[in-house]
Amino acid sequence: MTHKTPGSATWDLSMRSHQLWTMMAENLQEQGLDPIVELGWKKTGSLLVGRTRAESDMLKGRVKQLSEAGLKAEFLGSSDLLKREPDLLVDKDTAAAFLPDDCQLDAHRTVAYIEKGNRNFASKGRYAEFYDDPVKCFIRSDCNGGVEAVQTSKNTLYSKKAVIVAAGCWTGSLMQDLFRNWGMEFHVPVRPRKGHLLALQNFNSLQLNHGLMEAGYVDHPSISDLESSDHGRDLSVSMTATIDAAGNLLVGSSREFAGFNTDLDESVITHIWKRVGDYFPKLRSLSVSDLSTSRKVRIGLRPYMPDGKPVIGPVSGLSNVYLAAGHEGGGLSMALGTAEMVVDVVLGRPGKVDSAPFAVDRVLE
């Protein structure tokens with residue numbers, strides 16, 4: 001929560017999701033299971049690090065905001081920060097916002113755990129998986145014009161209650177194709193925003209006690225000296241660093257518009273490593289080529305929305321079709337709150353979080 005802003009459109013959804021994730025971890029413990037094993041869950045606390053007086057002043061204001069919003073938050077000056085993170089480069093102007101209750105989890109472990117739980121309902125006919133079976137079209141009802149089924153390449157899946165499209169950055173193009181089959185236009189302006197994350201296995205050259213990110217992560221300043229002829233990418237690189245549940249060092253991260261391209265770009269990795277070295281002097285003696293045996297690069301596409309808010313809710317004119325997409329880099333952290341919101345909307349229940357700011361109609365072009 002350290003880089004979230006109280007009062008912003010996604011604040012309540014982020015807070016509710018944080019609460020639900022914590023409840024899930026606590027429920028696992030009550031069942032005698034280890035949240036670290038099942039979810040990669042670690043209560044590391046997080047540090048948002050600034051290196052200038054202006055950033056220090058901003059962080060003081062952020063700590064005040066977060067505290068007033070009910071979170072445990074603390075401003076750390078240079079001496080206190082150095083005690084918490086001895087390997088971090090700290091000078092007189094370095095400071096941080098510290099949230100001790102922030103946690104991290106592993107996406108792969110978490111999805112595997114949720115999937116395993118879902119499969120318990122398969123024998124009752126309440127759950128099924130259809131991998132490698134892409135959606136081809138919606139089948140509309142002759143009676144009310146709603147969608148009665150989803151046609152995939154191998155199956156026809158009938159729906160009595162709701163069809164929920166949660167296809168990340170492919171949501172816009174998928175919906176456009178589905179509507180085009182009816183001779184209609186439907187455009188959700190969700191765009192893929194590519195990211196690189198560097199994972200270093202069995203990396204013992206750096207001690208980290210918390211999840212860290214630089215203050216610039218909040219607004220993603222762009223890099224101008226791209227080693228590329230494509231200057232429309234709007235590449236930004238911000239320092240993030242953490243140790244995951246398996247002991248791997250994860251450093252990043254980058255953001256750029258490169259369409260649906262997921263190819264590895266070594267120049268981006270070089271930018272990331274240089275940026276992380278600006279904060280951790282121990283890493284400066286190592287070059288990117290020195291890491292080749294221990295590194296893995298994760299590349300993915302974040303679903304970017306121009307106004308910074310996901311679309312969650314019903315599609316006008318199709319009474320039983322709902323969207324849940326456009327969370328960009330907050331998809332995992334906001335996942336449980338989003339799921340709860342969709343269920344509440346579908347069942348007509350009062351929601352824990354107001355869904356109005358995420359209405360689909362606000363972005364249709």
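All values derive from a computational prediction rather than experimental measurement.
Contact check for K194 versus V268: no side-chain heavy atoms found under the 4.5 Å cut-off. When side chains are defined from C-beta on, L323 counts as touching V165, because their heavy atoms get closer than 4.5 Å. Residues T171 and V311 have side chains not in contact (no heavy-atom distance under 4.5 Å, counting atoms from C-beta outward). Contact of the H327 side chain with the T10 side chain is not registered, since no non-hydrogen atoms from C-beta on lie closer than 4.5 Å.
Salt bridge absent: E214 and R51 never bring a charged side-chain N and a carboxylate O closer than 4.0 Å. Remark: R362 engages D307 in a salt bridge, criterion side-chain N to carboxylate O under 4.0 Å. Salt-bridge annotation for E85 and K282: absent, with no side-chain N of the basic residue lying under 4.0 Å from a carboxylate O of the acidic one.
Using a 4.5 Å cut-off between side-chain heavy atoms of Ile, Leu, Val, Met, Phe, Trp and Tyr, W11 falls into a hydrophobic cluster with M1, M15, L66, L71, L99.
Distance CG/L33 to OH/Y113: 6.5 Å, rounded to 0.5 Å.
Partners of D354 by salt bridge (charged side-chain N to carboxylate O under 4.0 Å, His left out), not counting sequence neighbours: none found. For the ring pair (Phe, Tyr, Trp, His ring centres under 6.0 Å) test, residues two or more places apart in sequence or in another chain that qualify with F98 are H210.
Between the side chains of S153 and D133, at least one donor N or O lies within less than 3.5 Å of an accepting N or O.
The two residues V345 and S355 have their closest heavy-atom pair at CG2-OG, 4.1 Å.
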